[in-house]
A.B. asks: 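Okay, handing you the structure first.
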Amino acid sequence: MVVMLQEVRSGRLDSAFFDRSALEVAPALLGKLLVRELDEGNGSARLIAGRIVETEAYMQDDPAFHAWGIVDVPTGLVKPSGRGYALFAPPGTAYVYLCYGVHWLLNVVTEREGIAGCVLIRALEPVAGHEHMTQRRPAARTRIDLCNGPGKLTQAFAISGVHHQTNLCTGPIYFSASGCEDPVDMATSARIGISRAIERPWRFFERDSAFVSPGIPSDIAAAKRRKRRNDRRLRTKLGG
DNA sequence: ACGAGGATGCTCT
DNA sequence: GAGCATCCTCGTG
């Protein structure tokens with residue numbers, strides 16, 4: 001896939017695209033590009049781009065959501081303290097936060113201003129700027145390892161807390177629909193790595209893509225843990 | 001292949 | 001103090 005800078009710029013997604021439910025935006029982002037333009041000085045820009053192959057939706061009234069519980073129910077007022085407040089920002093705003101004290105995770109805010117919702121970008125198929133990504137991710141051994149996880153792709157794209165609450169429709173980090181006309185063979189599952197609301201099928205990914213993250217959906221992971229615990233208990237009983 | 005554990009910092013109870 | 005929207009390395013089969 002050859003990517004031309006002008007073409008990518010002309011396909012830029014605007015705030016109207018994100019001005020709806022996260023449950024609509026998350027699947028709609030599959031097949032689109034996440035783009036980063038790095039200023040090289042002398043007026044030229046270096047392009048980093050990846051085709052989105054995995055997303056997750058997070059919604060108001062969602063116990064796994066960072067905005068959960070910050071609305072005062074009797075009055076309907078939003079408590080202005082806490083990190084979740086940023087999720088009420090206008091559509092297309094970046095919500096970037098540090099996970100496990102180690103990894104930055106990129107979300108894009110959805111819904112009109114005053115309603116919370118976001119989509120987590122979980123995995124990309126690298127399309128442009130391969131050398132730059134490899135440089136930023138020395139642990140990656142193959143092209144697949146560059147962006148197949150939410151913490152990996154922010155590393156590859158050099159996205160961090162400084163981009164929190166920046167505008168993803170008008171800035172150097174944006175989404176583009178250029179070159180993405182082919183329909184995506186989409187599948188869904190429960191979200192990954194969460195402990196609450198694990199039954200909601202709000203993860204969207206390209207079926208059979210080699211570039212989706214290796215994570216296990218939380219409902220399946222929980223069932224596995226239960227089985228392991230049970231097996232261990234039975235062995236202990238037989239042995240003792 | 002798969003499982004265990006450590007790194008590391010912010011948020012909320 | 002606990003609990004994370006993770007990733008990597010190093011053990012064992």
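Convention: sequence-line order gives letters A, B, ...; per-chain numbering from 1.
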A.B. asks: Could you run through nucleotides 8-13 of chain B and give me one letter per nucleotide, 5' to 3': B if any protein heavy atom sits under 4.0 Å from the base, S if only the sugar-phosphate is that close, - if neither?
C.D. replies: BB-SS-
A.B. asks: Does A:H132 reach the side chain of A:R136, with side-chain heavy atoms less than 4.5 Å apart?
C.D. replies: yes
A.B. asks: Using a strict cut-off of less than 4.0 Å between a Lys/Arg side-chain nitrogen and an Asp/Glu carboxylate oxygen, indicate whether A:R207 and A:D185 qualify as a salt bridge.
C.D. replies: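 Yes.
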A.B. asks: Does any pair with a residue in residues 26-41 of chain A pass salt bridge (Lys or Arg N to Asp or Glu O under 4.0 Å), and if so which ones, sequence neighbours excluded?
C.D. replies: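 Applying salt bridge (Lys or Arg N to Asp or Glu O under 4.0 Å) to every pair that reaches into residues 26-41 of chain A, excluding sequence neighbours, yields A:R9-A:E37, A:E40-A:R46.
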A.B. asks: Less than 6.0 angstrom from the centroid, inside 45 degrees of the normal: does A:R191 satisfy that with respect to the ring of A:Y58?
C.D. replies: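 Because its charged atom sits under 6.0 Å from the ring centre and within 45° of the axis, A:R191 does stack over A:Y58.
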A.B. asks: Got a sec: does the NZ of A:K224 have more than 12 other heavy atoms crowding it under 6.0 Å?
C.D. replies: no
A.B. asks: Pair up each side-chain donor or acceptor in residues 93-105 of chain A with any protein partner under 3.5 Å, not counting sequence neighbours, and list the distances.
C.D. replies:
from	atom 1	to	atom 2	distance (Å)
A:T93	OG1	A:P90	O	2.7
A:Y95	OH	A:H66	ND1	2.8

A.B. asks: Using a 3.5 Å limit for the pairing distances, which stems of at least 3 consecutive Watson-Crick or G-U wobble pairs does DNA chain B take part in?
C.D. replies: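 The stems are B:1-7 with C:6-12, B:9-12 with C:1-4.
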A.B. asks: Is it the case that over 12 heavy atoms from other parts of the model lie below 6.0 angstrom from the CD atom of A:E199?
C.D. replies: yes
A.B. asks: For DNA chain C, which nucleotides open and close the run of contacts to chain A, 5' to 3', at under 4.0 angstrom from a non-hydrogen atom?
C.D. replies: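 Nucleotide range in contact with chain A: C:dC4 to C:dC8.
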A.B. asks: How many angstroms lie between atom CG of A:L30 and atom CZ of A:R51, to the nearest 0.5 angstrom?
C.D. replies: 8.5 Å
A.B. asks: Starting from the 5' end of DNA chain C, give me the residue, A:D145 or A:N107, whose nearest nucleotide shows up first.
C.D. replies: A:N107
A.B. asks: Is there a side-chain contact (heavy atoms from CB on, under 4.5 Å) between A:L146 and A:F157 once you walk through the steps?
C.D. replies: CA-CA 10 Å; A:L146 287 175; A:F157 276 62; over 6 Å; no
A.B. asks: Apart from A:I144 itself, what residues make up its hydrophobic cluster, given side-chain heavy atom links below 4.5 Å?
C.D. replies: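 Cluster partners of A:I144: A:V53, A:F205, A:F211, A:V212.
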